[in-house]
Amino acid sequence: MGVKLGILGLGTVGTGTVQLLQDGIGRHPLLQEIEIYKVGVRSLDKSRAVTLPESVLVTDLDAIVNDPKVDIVVEVLGGLEPARSLILKAIENGKHIVTANKAVISRFGEEIFTSANKAGVYVMLEAAVGGGIPVIQPLKQSLSVNRIQSVTGIVNGTTNYILTRMQLEGSNFDDVLADAQRLGYAEADPTADVEGLDAADKIAILASLAFDGRIKLEDVYCEGIRQVSKTDIAYAEKLGFVIKLLAIAKTAISPSANLPLSSTPPISVRVHPTLVPKTHPLASINGVNNAIFIEGQPIGQVMLFGPGAGAGATASSVSSDILNLVASLKTNTALPNPLLACRHQDYCQITPSSELVTRFYARFLTLDQSGVIGKIGTCFGDRGVSLESVVQTGFQGELAEIVVVTHDVREGDFREALTEIHSLPAIDSIPSVLRVL
Ligand SMILES: NC(=O)C1=CN([C@@H]2O[C@H](COP(=O)(O)OP(=O)(O)OC[C@H]3O[C@@H](n4cnc5c(N)ncnc54)[C@H](OP(=O)(O)O)[C@@H]3O)[C@@H](O)[C@H]2O)C=CC1
Ligand SMILES: N[C@@H](CC=O)C(=O)O
Ligand code: NA
């Protein structure tokens, strides 16, 4: 008998998934075991890119998650509600879940995984991070014997697409965002993409898998790309960098440190526009592509790269999760597979942002007076902030423009120096402060 799917949502990802499942030739034979039993949508009147029997397309989503015939619920609605309640109801009814919804998982993961473990079902989420890139399964399985030191990702296709076009074409932010929406990369409300919130959801999920504990979303430091200007993109270029929105989860502890077995090291989890040296593998990830650069012991460095959004790519991840569940159902193992189930109990310990150690880039507009560079240098020097380069590159009207790149510094020391610099009479403004990888 076929495994019955109840798919919630037939938008970009739902449509891509149905198309893939309906076109099984040349793909894994287990796909033949799947029946698209019900698909829930908001409106029956919309024209659809896929053909489904009339009885399959419905608007009563509760009926799908309560239907005893449904084996697997595939949630590709997006948003928090009704997605969360439908997932919980489906779990309570003993159904396995496949979801692409990072927003729900990063906020309600504890509630969802606790009830899934209680009900003996799996919650699969490969599509939630990195779109088509396999990254959840590698962290849960192939890399799980490593002690992870850092996960650094370009995990939002929309912002990477925008930054790439701003850099390569000097395009305007709003025009490029409209293109990303038209191409189906951006969320229904693109604020989550642009403000870094989508990337924050994703790095919370990756950090949780890499560092083996739960993450509170409010512990993820988050800055979006709205303040990234063409001027900074051009300065970064001259200094040998490109600007990317990076999502970073990192421990300061050496992977070879002998930690007590029970303890997980404190980590920082953050999302911010970052100057990436052009020589770093992440610098060459352009357009809607995503990449996740992982450092661990003993493996060293691994980078997973591919399309981070879009119908087909995301459908690939959703369908592979479905296939994993079909395989599980077909082999009928009574015990939960520990490599598929969530086993987190505790929350990760988070390093306060003032204690972070990173490099910074800052741009100052100053009065055109002699000695200004020296005064800026003194403020940094007094706080032990060592500078890698200081350049006065030009003028904006009457004001001189000075750009500084630091060595690795404690963020708290850097911020204190900036406050003092800001109060100097020769300083007009500090239009941008960005971190450097
Ligand atoms: N787009 C992408 O590239 C990627 C998206 N994701 C995630 O996948 C999920 C789905 O995204 P996407 O496909 O882009 O979203 P869309 O907005 O394209 O599609 C949403 C679908 O859900 C249906 N829907 C939404 N709310 C309701 C409701 N209350 N009742 C009934 N039906 C509802 C809509 O119905 P109707 O068609 O009738 O309007 C639509 O079919 C999101 O969690 C997103 O973050 C993850 C990776 C990549
Ligand atoms: N809006 C997201 C879609 C995938 O998660 C993105 O742009 O990456
Ligand atoms: Na993925």
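Everything quoted here is computed from the prediction, not taken from an experiment.
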Exercise. Would you check if the side chain of S115 reaches a backbone N or O of E111 as a donor-acceptor pair within less than 3.5 Å?
Key: yes

Quiz item: Have D189 and T191 got a donor and an acceptor in their side chains that come within less than 3.5 Å?
Solution: yes

Practice problem: Check whether the side chains of E411 and S353 place a donor and an acceptor atom closer than 3.5 Å, and report yes or no. | Solution: no

Self-check item: Closest contact, heavy atoms only, V176 versus S171
Solution: CG2-CB, 3.4 Å

Practice problem: Report yes or no: do T99 and E75 form a side-chain donor-acceptor pair below 3.5 Å? | Solution: yes

Quiz item: Would D346 and R214 pass as an ion pair if we require N to O under 4.0 Å?
Solution: no

Quiz item: Does the N146 side chain pair with the main chain of I148, one donor and one acceptor, at a distance under 3.5 Å?
Solution: no

Quiz item: Do we see a donor-acceptor contact under 3.5 Å between the side chains of N66 and K95?
Solution: no

Quiz item: Passes side-chain contact (heavy atoms from CB on, under 4.5 Å), V433 versus R415? Steps please.
Solution: CA-CA 10 Å; V433 175; R415 296 278 170 202; 4.1 Å; yes

Quiz item: Are there more than 12 heavy atoms of other residues, nucleotides or ligands under 6.0 Å from atom NZ of K38?
Solution: yes

Quiz item: Short question: side chain of K278, backbone of V242 - any donor-acceptor pair under 3.5 Å?
Solution: no

Practice problem: Quick one: closest heavy-atom pair of F173 and I225, and the distance? | Solution: CE1-CD1, 3.7 Å

Quiz prompt | NZ or CZ of R84 within 45° of F108 ring axis and under 6.0 Å | solution = yes

Self-check item: Test side-chain contact (heavy atoms from CB on, under 4.5 Å) applied to K202 and I105, N156, V135, L197, the passing residue
Solution: N156

Quiz item: Are a donor atom and an acceptor atom from the side chains of N290 and N160 found within less than 3.5 Å of each other?
Solution: no

Quiz item: Side chain of E33, backbone of L323: donor and acceptor closer than 3.5 Å?
Solution: no

Practice problem: Kindly indicate, with the supporting measurements, whether the criterion side-chain contact (heavy atoms from CB on, under 4.5 Å) is fulfilled by T164 and N289. | Solution: CA-CA 10 Å; T164 303; N289 286 314; over 6 Å; no

Self-check item: Check against side-chain contact (heavy atoms from CB on, under 4.5 Å), L86 and D62
Solution: CA-CA 7 Å; L86 290 164; D62 289 302; 3.6 Å; yes

Quiz item: Any sub-3.5 Å donor-acceptor pair from K140's side-chain atoms to L340's backbone N or O?
Solution: yes

Quiz item: Would a distance-only check, ignoring hydrogens and angles, find a side-chain to backbone donor-acceptor pair under 3.5 Å from S208 to G213?
Solution: yes

Quiz prompt | For V228 against P273, the heavy-atom pair lying closest together | solution = CG2-CB, 3.7 Å

Self-check item: Under 3.5 Å donor-acceptor, T274 side chain and H272 backbone
Solution: yes

Practice problem: Over 60° means perpendicular and under 30° means parallel, so classify the ring planes of Y161 and Y185, tilted if in between. | Solution: perpendicular

Practice problem: Flag the pair F241 / Y235 as yes when their ring centroid distance falls below 6.0 Å, and as no otherwise. | Solution: no

Quiz item: Do side-chain atoms of E126 reach the backbone of I136 as a donor and acceptor pair under 3.5 angstrom?
Solution: yes

Quiz item: Under a 4.0 Å N-O cut-off, is there an ion pair linking R165 with D175?
Solution: no

Quiz item: Would E401 and Q396 count as having a side-chain donor-acceptor pair, cut-off 3.5 Å?
Solution: yes

Quiz prompt | Pairwise side-chain contact, E420 with R383, heavy-atom cut-off 4.5 Å (strictly under) | solution = yes

Self-check item: Set of residues satisfying side chain to side chain contact (heavy atoms under 4.5 Å, CB included) with respect to S85, sequence neighbours excluded
Solution: E81

Exercise. Going by the salt bridge (charged side-chain N to carboxylate O under 4.0 Å, His left out) test, name the single residue among D201, D198, D193 that passes it with K102.
Key: D198

Quiz item: Which atoms form the tightest heavy-atom contact between S386 and V409, and what is the distance?
Solution: N-CG1, 4.0 Å

Exercise. With side-chain contact (heavy atoms from CB on, under 4.5 Å) as the test, would you mind laying out the steps for N93 and V73 before giving the verdict?
Key: CA-CA 11 Å; N93 289 332; V73 165; over 6 Å; no

